[in-house]
> 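Before we start, here is the structure in question, set down as structure tokens.
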Amino acid sequence: MPANHRPTQRDVNPFPHSDSNKRYYTWDYYLRQKYGGKVFKVGLDAGFSCPNIDGTRGKGGCTYCAYAFRRQSPEALLTQFRAVRQALLRKWPEAEMVIPYFQANTNTYAPLPELKAKYETVLAEPGVVGLSVATRADALPEEVCDYLAELNGRTDLTVELGLQTIHDATARHINRGHTTAEFYAGYEKLRKRGIPVCIHLIDGLPGETREMMLETVRAVAGLRPFSVKIHLLHILKGTPMAAEYLAGGFQTLEMEEYCGIVADQLELLPPETVVQRVTGDGLKEELIAPLWSLKKFTVMNGIDKELYRRDSWQGKRWTGDGACPSRADEPAYI
């Protein structure tokens, strides 16, 4: 290197999809590169239920879930969208572009006319450049998938699918309500229509080892999804999981342990997969454990430091030949 060389960002960070110290493909970087400015999500509760709550697939929901079901009209949804957007603009006053995020419960679990009314209401708002829809892989009827494909042709659509784990024993333990095979079937419905998918994962589920969490990421990496969200398990007041935890049923991860697991997982993901989240911060008044998760930026910095310590980055151990395991012979969830 010449004596007069001035170090660049690439000299200190070998990961190509970054213009900062982040050694993974962040959602913020993806949006800034695509739109040339700040874009933020507006989280919404559109009043949908869930097949794992109303008895279609199960009752009570996943044992970690604290969402309530509140029916809402398109008009009430629009009021909510505008209020949340205005609040976020105080944080990012320079941002003119937004993505409505249908977040609470299962946001394809309704008759198609209701879905259309609610989606189209917020899509018509000024500055909306896309749509994110969180749902379950067992709530994707063909007519809904066809409508999502049509939406994908005219806006920046992402469908967010909760997988959490590929281990069906864990899924049964947490009352997930569907198998990994059913997840793959739902994912394939979207993939064959060219719809970008964000896969949600949870680290620290009861009974899962570090290697089990890495097995989940290896399987997800084989799908080569558009994006992923890596969540830390939160124990929230009033949930069945809280009762299990308080009775001594399992322990939560320590922060250093979690940062190491996430670094391992990032190394296994394809470098072109966008990482929308590497942790989360539950509401302080609802969170039982782990309390260290309230320090969200400390956790994110811990992951950054671990990747730097290893001289590693997203995809360093990705071989390109990953494949999801076959689970077609497994029985349906009961």
Side-chain angles (χ1 to χ4, degrees), residues 26-28 30-32 34-51 53-54 61 65-136 139-140 144-145 147-162 190 195-198 200 226-227 229 231 236 274 276-277 280-283 285-286 296:
T26 70
W27 180 238
D28 178 69
Y30 166 80
L31 292 173
R32 285 189 288 106
K34 183 165 187 174
Y35 292 102
K38 179 68 179 178
V39 182
F40 63 82
K41 278 186 173 181
V42 175
L44 298 170
D45 181 347
F48 296 118
S49 183
C50 174
I53 291 175
D54 68 6
C65 182
Y67 277 128
F69 166 50
R70 298 174 290 274
R71 176 66 64 188
Q72 298 209 31
S73 67
E75 294 74 23
L77 178 65
L78 188 56
T79 299
Q80 180 190 159
F81 170 79
R82 290 171 176 171
V84 176
R85 178 178 187 172
Q86 195 59 40
L88 291 173
L89 279 172
R90 289 194 286 271
K91 183 177 181 180
W92 296 299
E94 77 285 0
E96 298 180 353
M97 296 170 286
V98 298
I99 295 176
Y101 176 26
F102 285 72
Q103 182 176 18
N105 292 332
T106 304
N107 292 276
T108 58
Y109 190 56
L112 185 57
E114 181 181 350
L115 297 180
K116 287 184 175 181
K118 291 181 175 179
Y119 295 174
E120 301 292 348
T121 294
V122 293
L123 279 171
E125 286 291 281
V128 170
V129 296
L131 185 69
S132 286
V133 177
T135 190
R136 290 165 55 94
L140 291 169
V144 170
C145 291
Y147 171 57
L148 292 172
E150 187 268 321
L151 274 182
N152 188 47
R154 56 185 168 95
T155 195
D156 195 351
L157 175 69
T158 303
V159 175
E160 304 199 12
L161 286 184
L190 300 172
I195 299 170
V197 176
C198 175
H200 288 221
F226 162 65
S227 64
K229 284 184 177 178
H231 297 266
L236 301 178
V274 178
Q276 293 202 33
R277 181 179 289 275
D281 48 349
L283 292 175
E285 60 270 22
E286 296 180 5
K296 179 178 178 180

> So how far is it from Ser132 OG to Phe102 CZ, rounded to the nearest 0.5 Å?
10.5 Å
> Please check if the distance between the ring centroids of Tyr30 and Phe226 is under 6.0 Å.
yes
> Taking Arg85 first and then Glu96, would you say they form a salt bridge - that is, a charged N and a carboxylate O separated by under 4.0 Å?
no
> Could you tell me which non-hydrogen atom of Pro100 sits nearest to which non-hydrogen atom of Gly130, and how far apart they are?
CD-O, 3.1 Å
> Could you walk me through whether Gln276 and Lys41 satisfy the side-chain contact (heavy atoms from CB on, under 4.5 Å) test, starting with their C-alpha distance in whole Å, then the side-chain angles of each, then the deciding distance to 0.1 Å, before giving a yes or no?
CA-CA 11 Å; Gln276 293 202 33; Lys41 278 186 173 181; 2.9 Å; yes
> Between Glu94 and Arg32, does any NZ, NE, NH1 or NH2 come within less than 4.0 Å of an OD or OE carboxylate oxygen?
no
> Please find the pair of heavy atoms, one from Ala139 and one from Thr106, that lie closest to each other, and give the distance.
CB-CG2, 3.6 Å
> Ile99 and Val128: side-chain contact (heavy atoms from CB on, under 4.5 Å), yes or no, with the steps?
CA-CA 6 Å; Ile99 295 176; Val128 170; over 6 Å; no
> Looking at side-chain heavy atoms only, is the closest gap between Val133 and Tyr101 below 4.5 Å?
no
> Look up atom NZ in Lys116 and atom CG in Leu123, then write down how far apart they are to the nearest 0.5 Å.
13.0 Å
> If I compare all heavy atoms of Lys118 with all of Ala46, which pair ends up nearest, and what's the gap?
NZ-O, 2.6 Å
> Nearest heavy-atom pair of Leu161 and Arg136: which atoms, and what distance?
CD2-C, 3.9 Å
> Do Thr158 and Ile195 come within less than 4.5 Å of each other through their side chains, counting heavy atoms only?
no
> How far apart are the closest heavy atoms of Val129 and Thr155, and which atoms are they?
O-OG1, 3.5 Å
> Give a yes or no answer on whether the side chain of Thr121 reaches the backbone of Leu78 with a donor-acceptor pair at less than 3.5 Å.
no
> Determine yes or no for a side-chain-to-main-chain donor-acceptor pair under 3.5 angstrom, with Asn105 supplying the side chain and Ser49 the backbone.
no
> To the nearest 0.5 Å, how far apart are OH in Tyr119 and CG in Leu157?
8.5 Å
> Within the structure provided, determine whether Lys38 and Asp28 are in side-chain contact (heavy-atom separation under 4.5 Å).
yes
> Determine the minimum heavy-atom distance between Gln103 and Ala134, stating which atoms define it.
O-CB, 3.9 Å
> If you round to the nearest 0.5 Å, how far is OH of Tyr109 from CZ of Phe48?
12.5 Å
> Less than 4.5 Å apart, any side-chain heavy atom of Arg82 and any of Thr79?
no
> Report the distance from atom CG of Asn152 to atom SG of Cys145, rounding to the nearest 0.5 Å.
12.0 Å
> Looking at Thr135, is its backbone amide N or carbonyl O close enough to the side chain of Glu160 to form a donor-acceptor pair, meaning the two atoms are under 3.5 Å apart?
no
